[in-house]
Amino acid sequence: MYQDKIIVNYESKPAYSILLKKDFTGLKEALLNLGLQNRRFLVITDSNVEKIYLKECMDLIGPISRGIYSFTFEAGENSKNLETVKLVYNKLIAKKFDRNDIILALGGGVTGDLAGFVASTYLRGIDFIQIPTTLLAMADSSIGGKTGVDFMAYKNMIGAFHQPKLVYMNLSSLKTLPKREFNAGISEIIKHGLIKDADFYKWLQDNITNIQSLDYETLKQMVYRSCMIKKKVVEEDPKEKGDRALLNFGHTIGHAIEKLMDFQLLHGECVAVGMICAAYISNKRGFISNDELECIYKIIEAFNLPTSIKDLSSEEIYHVTRLDKKMESDKIKFIYLESIGRAIIDTSVSKDEMIEAINYVQN
Ligand SMILES: NC(=O)c1ccc[n+]([C@@H]2O[C@H](COP(=O)([O-])OP(=O)(O)OC[C@H]3O[C@@H](n4cnc5c(N)ncnc54)[C@H](O)[C@@H]3O)[C@@H](O)[C@H]2O)c1
Ligand SMILES: O=C(O)C(=O)C[C@@H](O)[C@H](O)[C@H](O)COP(=O)(O)O
Ligand SMILES: [Zn+2]
């Protein structure tokens, strides 16, 4: 049931595969299967991932390439900006990269978003491949072609939709991921369950111990199911004209916290707090019960994700949510739960409701 391969369609045609593997060795064959030999590659990675996985990947791909280069940036959200993009453009120009050449994003969501954005804009678009090494990138960000960078600390303000040619994940690379980063990835996975799949959400609740001990089959099942949820959403609405916005559950308030905390908290951590606020609104509107709200709180707590935010005022968080992208005719497109496993987009959530929800995570 949980195979090694998921095919993602774009405009009803097969567009790229997601390969879930135990090591990096299949990467070479996957590139050959796509006819990508004798190309030049730029591997974009960050300063942590470089030390662990860059050489292995370069050694694997080098022999089938016409030249392989790398670009490393300082790890962290503070590098996801146009300054880093400019440095990569300089490298591509210096190496005379042309439209046949390929960018490989080796790392987490920051690397994937940044490298994907470079690939979408350099020479009006060149091919790119996602090699996600964080749980968040495997289960969420490497899929669906949302690429971009932050601008003046506003999240993902500059970006483009650009689909990868391949997503290749080595699930064993999660063994070196710091626990805090692992848990941040769980946050987006819980989100997928809450918005689309109550059974999966229940499965997560029942498998906390196996997930935390990195049991391989459990991880594979979890990532597979999370990818399937995201795949279905992005296939139906690749450019976020409608229901793709459901993937923003927890992000309206989450992104505001991320910005106001100057990226001291991780994306997945801010989404966790944002999901509690959104679930609180669902509860107040009578859609989910007190027990269901408490369960959401508990699963977030079980993965050591933050459940409260202390240093920011509700007013300032609310103010920043209004500067995010998810506005429609001056109204916030808010995502909350109609039930566990079903989310809706609603522009009627008032300032008072949001402030009350933010106050709830400040106690
Ligand atoms: N495009 C999308 O659809 C989408 C979806 C969700 C999140 N995002 C974006 O993704 C970003 C967050 O991604 P992230 O959580 O992966 O952060 P990240 O890319 O910063 O990676 C987290 C940390 O883990 C390190 N790391 C990565 N892989 C490792 C490994 N295997 N072993 C040891 N260390 C490793 C990195 O160096 C970094 O320090 C945010 O910018 C968020 O906005 C995008
Ligand atoms: O793929 C999507 O669509 C998502 O919204 C996934 C989110 O987890 C992710 O954080 C995304 O980058 C948010 O996009 P944004 O357009 O709200 O900045
Ligand atoms: Zn997210």
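Numbering of ligands and ligand atoms starts at 1, following listing order.
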Problem set entry | Working for side-chain contact (heavy atoms from CB on, under 4.5 Å), residues M58 and V43 | CA-CA 8 Å; M58 303 254 300; V43 187; 3.8 Å; yes
Problem set entry | Stepwise side-chain contact (heavy atoms from CB on, under 4.5 Å) check, I103 with L92 | CA-CA 10 Å; I103 286 176; L92 290 166; 4.1 Å; yes
For this session: Start with the C-alpha gap between F128 and I102, add the side-chain angles, then the distance that decides, and say whether side-chain contact (heavy atoms from CB on, under 4.5 Å) holds.
Result: CA-CA 5 Å; F128 91 112; I102 297 171; 5.6 Å; no
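Protein residues are said to neighbour a ligand when one of their heavy atoms lies under 4.0 Å from it; for ligand 1 these are D46, N48, V49, I52, Y53, A75, E77, K80, G108, G109, V110, D113, T133, T134, L136, D140, S141, K146, K155, N156, S173, T176, L177, P178, E181, E188, K230, H267. Taking a heavy-atom cut-off of under 4.0 Å, ligand 2 is surrounded by D140, K146, N156, E188, K191, K230, E240, R244, L247, N248, H251, H255, H267, K325, K326.
With rounding to the nearest 0.5 Å, the separation of CG in L20 from CG in L219 is 11.0 Å. Rounded to the nearest 0.5 angstrom, M222 CE and N207 CG are separated by 9.5 Å. Rounding to the nearest 0.5 angstrom, the gap separating the CD1 atom in I68 from the CD1 atom in I61 is 4.5 Å. Atoms OH and NZ, on Y216 and K175 in that order, are 9.0 Å from each other to the nearest 0.5 Å.
T25 and D23 share a donor-acceptor pair across their side chains, judged by distance under 3.5 Å alone.
One finds no salt bridge joining K55 and E50 here, because no Lys/Arg side-chain nitrogen approaches an Asp/Glu carboxylate oxygen to under 4.0 Å.
The aromatic rings of W203 and F200 lie parallel to each other, their planes meeting at an angle below 30°, with 60° marking the opposite boundary. Aromatic ring pairs are classed by plane angle as parallel below 30°, tilted from 30° to 60° and perpendicular above 60°; the pair H267 and H255 is tilted.
Between F41 and Y69, the distance separating the two ring centers is not shorter than 6.0 angstrom.
For R285, the side-chain hydrogen bond (donor to acceptor under 3.5 Å, both in side chains) partners at least two apart in sequence or on another chain are Y336, D346, S348, E353.
The number of protein N/O/S atoms found under 2.8 Å from the Zn ion (ligand 3) is 3.
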